[in-house]
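Just below is one structure, and these are the notes that go with it.
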Amino acid sequence: MLPDPHVRALLGPRWGAVLRLTAWAGLLAACTAAYGALAGPALRALFGGDGLSWPGWLMPHLPPPPDLSTLRAGLPLVIVTVALLKALAFHRHAVGLAELGQSVVAELRERLHARILHLPPDLARAWGLGDLVSRATHDADAAERLLVDGVAAVIRDGLQALALIAVCVALDPALAVVAFAVYPLAFWPVARFARRLRRAAGDAHAERGALTVEMTDQLARLSLIQLSGAGRWAGARASRAFDAVRRAVVRSVRIRAFASPFTEVLGAAALAGTLLYAAGRVADGDLAPESVIGFFAALMMLYQPVKGLVRAQEVIQPGRAALARITEVLERAERLPVGGRRAAPERGPTVELRGVVARRGGRAVLDGLDLTLPAGRITALLGPNGSGKTTTAWLIAGLLGPDGGGLRVDRVPLAELDADGWRARIGWVTQGLDVGRGTLRENVLFGDPPGGADRLEDVARLTGLDRIVERLPAGWQTPLGDGGAGLSGGERQRVALARALVRDPALLVLDEPDAHLDAEALGALRQTLPAVADGRTVLLITHDPAVAALADRVVRLGGAGAPAVAEAS
């Protein structure tokens, strides 16, 4: 567990907390061992006799044992004190462990979320949004159990086992040798099956991720499934995913179900053999009865931590597999371009692409693209699907890095601009619209842009959204469903446009703004666009020449990404 580099990376900054937890676990182990050590004296105090005697090999190293009257008077106080210390140690260890586990999983989720936010769009989609969600939820929970119920349990139960073994050895070394001749074999199934269990657990986590992807995709296309009468097809796909999870989980359980009962059988064998040996020595007068009682009390208590060590593997191996899946995302080299430290322009910039090459899916989408977006003007990018229009916009926004050539913003290389600051100065209306769950106001003010609330009403009048707000039952506070359910396509387009403008962007990207508009809404867009573009650089992406005619200039992209430029009439 601890040698695992992923576990070390999680616990590295928290070694202080780990040491405190280990100290409380040590106190807990000492108190547990004390119960075993006190069992013999308690028996002597209860039944009387000649008083307490230490084991012969320890007698020269210890003070004289208490007499019977002292034992009877002081033993209850000692037992209560040990109980109080054990209760305190258990409480502090449990609370500290919960705090450590929750802080680790919260940080892990924050790091994973931050990493996902900086994944290139194509990679995030290829990975599967559902799978990424699964890693941030189910896998993160498994990673927490790895620490709380795995690593911490090994430390706690390991210390208790060592303390109880020490008590057994102190009471009678020979008896301890007989007892522990078989116990070490209990760890054989753990070592033997740990690797197989880790692989099986990894497969189970992967299948759960695939199931999340399938369910997320089906729910996103629920209307299409219903309209197409594809319920049986969708059910069959879901059933295959359910069955894959079932088989993977059962395989994992089948493997780990062997270790625990095998350990129990070996423990019973060790106990039976030790009882026979101890009975003979007591009969010969070679071993005091109270020593036998204390020894077997410690041995019986030893069973629980040993079994806990075995059970910890059932959590550790799935946790390691889950942590590896999270680390796979965290360690991926691909990320959004970071950029430099130069501030992004406040008003409409001139954007230049020179000899830009971009490859996606193993093919060159753009091959030597030269393009200029003049400051404060509308440039339409016209071309068929797959010609590289959206890729060009992603390059300009810094969502992708070019495979060749360069980009400049007001003659400054894009790589020198603060990337997040530059993207914050871009207003983007995508063809997917990206209107989601929340109130209408929350959708327009998405991302909480500085000064957005002050511009809200002006932007609503500019885009015609104010008339929609007046018709809605709760106005700005009208709740919307997934995908903007409750609004028409044209209304969602106005929401998306208002959301882009409320940021007061320097660059406005309209990606297929006509995709969801009827003739009336398209006419409104023609009237609105000049006012929307005032003082801004606008990139209008479309495959419709009638929409492209709204621009000041038109750039046509062919399949090879080499543009021919024509001025709009």
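Residues satisfying the side-chain contact (heavy atoms from CB on, under 4.5 Å) test with Leu162, not counting sequence neighbours, are none. A search for salt bridge (charged side-chain N to carboxylate O under 4.0 Å, His left out) contacts involving Arg109 returns Asp141, not counting sequence neighbours.
Other residues, nucleotides and ligands contribute over 12 non-hydrogen atoms within 6.0 Å of the CZ atom of Phe296.
Note that CZ of Phe242 and CD of Glu214 are 8.5 Å apart. Values are rounded to the nearest 0.5 Å. Distance check, rounded to the nearest 0.5 Å: CD of Glu107 to CG of Leu112 gives 12.0 Å. A distance of 6.5 Å separates CG in Leu132 from CG in Leu119, rounded to the nearest 0.5 Å. Atom CD of Gln304 and atom CE of Met301 lie 11.5 Å apart (nearest 0.5 Å). Here the NE2 atom belonging to His91 is positioned 13.5 Å from the CG atom belonging to Leu28, to the nearest 0.5 angstrom. Between atom CZ of residue Arg240 and atom CG of residue Leu211 there is a gap of 13.0 Å, rounded to the nearest 0.5 Å.
Heavy atoms only, all atoms of each residue included: Pro305 and Leu164 are closest at CG-CD1, 4.2 Å. Taking both residues in full, the closest heavy atoms of Arg423 and Ala397 are given as CG-O, 3.0 Å, listed atom of the first, atom of the second, then distance. Smallest separation of non-hydrogen atoms from Gly150 and Ile316: CA-CG1, 3.5 Å. When all heavy atoms are compared, the tightest approach of Leu159 to Gly26 is CD1-N, 3.7 Å. Taking both residues in full, the closest heavy atoms of Leu85 and Cys31 are given as CB-SG, 3.7 Å, listed atom of the first, atom of the second, then distance. Of all the heavy atoms in Ala358 and Thr391, the pair that sits closest is CB-CG2, 3.9 Å.
Remark: side-chain polar atoms of Trp24 are not paired, donor with acceptor, to backbone N or O of Gly96 under 3.5 angstrom. At least one donor-acceptor pair under 3.5 Å links the side chain of Thr439 to the backbone N or O of Glu442. Counting only distance, with no hydrogens or angles, the side chain of Arg115 and the backbone of Arg332 share a donor-acceptor pair below 3.5 Å.
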> Under the side-chain contact (heavy atoms from CB on, under 4.5 Å) criterion, do Trp428 and Leu399 qualify, and how do the steps go?
Replying inline: CA-CA 12 Å; Trp428 199 303; Leu399 298 180; 4.3 Å; yes
>> side-chain contact (heavy atoms from CB on, under 4.5 Å), that's the test. Do Arg325 and Asp131 meet it? Break it down for me.
In response: CA-CA 10 Å; Arg325 278 170 45 83; Asp131 185 63; 3.2 Å; yes
>> What verdict does the side-chain contact (heavy atoms from CB on, under 4.5 Å) test give for Phe446 and Asn443, after you've listed the backbone C-alpha separation in whole Å, the side-chain angles of each residue and the deciding distance to 0.1 Å?
In response: CA-CA 5 Å; Phe446 181 82; Asn443 267 278; 5.9 Å; no
> Run the side-chain contact (heavy atoms from CB on, under 4.5 Å) check on Leu97 and His93 step by step: do they pass?
Replying inline: CA-CA 6 Å; Leu97 192 55; His93 183 268; 3.9 Å; yes
>> Evaluate Asp139 against Arg208 for salt bridge (Lys or Arg N to Asp or Glu O under 4.0 Å), listing each step before the verdict.
In response: CA-CA 10 Å; Asp139 290 347; Arg208 286 191 182 99; over 6 Å; no
>> salt bridge (Lys or Arg N to Asp or Glu O under 4.0 Å) for Glu328 and Arg135? Distances and angles first, verdict last.
In response: CA-CA 10 Å; Glu328 181 186 7; Arg135 295 179 195 234; 3.0 Å; yes
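In this structure, Leu147 and Leu100 have side chains that are not in contact, with every pair of non-hydrogen atoms separated by 4.5 Å or more. Put simply, the side chain of Trp476 reaches to within 4.5 Å of the side chain of Leu456, judged on heavy atoms. For the pair Asp420/His118, a side-chain contact is recorded, criterion being any heavy-atom separation below 4.5 Å from C-beta on. Here the side chains of Arg425 and Leu507 are not in contact, with every heavy-atom distance at 4.5 Å or above. Between Leu108 and Leu323, some side-chain heavy-atom pair lies under the 4.5 Å cut-off. The side-chain heavy atoms of Val80 and Val78, taken from C-beta on, include no pair separated by under 4.5 Å. Taking the side chain as every heavy atom from C-beta outward, Cys168 and Leu175 never approach each other to under 4.5 Å. You'll find the side chain of Glu144 stays beyond 4.5 Å of the side chain of Val104, heavy atoms only.
Asp243 has a carboxylate O that lies under 4.0 Å from a charged side-chain N of Arg246, or vice versa, which qualifies the two as a salt bridge. Under a 4.0 Å N-O distance rule, the pair Arg342/Asp418 does not qualify as a salt bridge.
Residue pairs that meet the salt bridge (charged side-chain N to carboxylate O under 4.0 Å, His left out) test with at least one member in residues 77-90, sequence neighbours left out, do not exist here.
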